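For reference, the structure discussed in these notes is given below.
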Amino acid sequence: MGKGTILFLHGWGLSGAVWLQFFDSSLRKEYNLVSVDLPGFGKSGLPNRDFSVHDYAGVIKDFLIKLQMKNVTIIGHSFGGSIAAILASSHPELIRQLVLVSSAGIRQKYKSTKLIELLVPFLRPVFEVRLMSKLRRQFYQWIGSDYLFSEDLKGTFRKVVSEDITPYLSRIFQPTLIIWGRHDEVTPISRAEIFRRDITNSQLKIMEQSGHFPYQDASAEFISQLENFLYGS
């Protein structure tokens, strides 16, 4: 069957570079490792219109098809996790396995995206003050992810935070590993339980000493959990 491929999808405001530590790990012996900059982040250009999560999933779908990637495992963190979940549910033929890390995408119905959008420009400079870090975490938790946005992605932000991917989770049948930090204050651990409940063939691993970035907070444990899943499936 040859080497499989692991495609890494980063979170909002980050880039594919956050995954580079894994390119020196034992994973490269068994997998071709690929990390991308999603449109509007890193070295990728801005989207040609306001993107939704589905639009981002469409970009990744086209990327996989164009490069004829086979035996693909997608690892998505936060925003990248919501993209991976949509893609796995809509194009299961392209994805063999799925790893969701502190995934975003589950929204509370009562939240007003217009109100969030109005608040962010005022709160962003306040949040830069170290003493306001607790308030910042609470705001992140309220909006359901880490979507303090740039002006260039204002419309994309509006679309992304209005999308709830919960209805798509029951359509995911690939073996799925859900990794969450016990102390995640951005995407609360209660969201992890929803992913585990709704994705049929899934398992949940809680990393006790981690927050929203388990792959950085405890990278050795993260890789161990990942290898157990990949080599055991």
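Every value quoted in this text rests on a predicted model; they were computed, and no experiment measured them.
Among residues at least two apart or in separate chains, salt bridge (Lys or Arg N to Asp or Glu O under 4.0 Å) pairs with a member in residues 208-220 are R182-E208.
The CG atom of N228 lies 9.0 Å from the CD atom of Q203; values are rounded to the nearest 0.5 Å. The line from CD1 of I74 to CE of M69 is 9.5 Å long, rounded to the nearest 0.5 Å. The NZ atom of K159 sits 12.5 Å away from atom CG of L153, with the distance rounded to the nearest 0.5 Å. Taken to the nearest 0.5 Å, the CG atom of L169 stands 8.5 Å off from the CG atom of L100. The structure places CD1 of I75 at 9.5 Å from CG of L9, a figure rounded to the nearest 0.5 Å. Here the CD1 atom belonging to I178 is positioned 11.0 Å from the CD1 atom belonging to I194, to the nearest 0.5 angstrom.
In this view, S89 and Y168, R171, I172 satisfy the side chain to side chain contact (heavy atoms under 4.5 Å, CB included) rule, not counting sequence neighbours. With sequence neighbours left out, E93 forms a salt bridge (Lys or Arg N to Asp or Glu O under 4.0 Å) with no residue at all. For Q21, the side chain to side chain contact (heavy atoms under 4.5 Å, CB included) partners are Y215, Q216, S219, not counting sequence neighbours. Take S15 and apply the side chain to side chain contact (heavy atoms under 4.5 Å, CB included) test, not counting sequence neighbours, and it matches A17, D37. Scanning for side chain to side chain contact (heavy atoms under 4.5 Å, CB included) contacts around F173 gives T200, with sequence neighbours left out.
A salt bridge is defined here as a Lys NZ or Arg NE, NH1 or NH2 lying under 4.0 Å from an Asp or Glu carboxylate O, and D184 with R191 fails to meet this definition.
Under the 3.5 Å distance criterion, with hydrogens and angles disregarded, no donor-acceptor pair is assigned to the side chains of S35 and H10.
Under a cut-off of 6.0 angstrom, the local environment of CD in E227 is crowded, with over 12 non-hydrogen atoms contributed by other residues, nucleotides or ligands.
Between H77 and F8, the gap from one ring centroid to the other reaches at least 6.0 Å.
With L7 as the fixed residue, the side chain to side chain contact (heavy atoms under 4.5 Å, CB included) test singles out one of T73, L67, I60: I60.
Using cut-offs of 30° and 60° on the angle between ring planes, the pair F79 and W12 is perpendicular.
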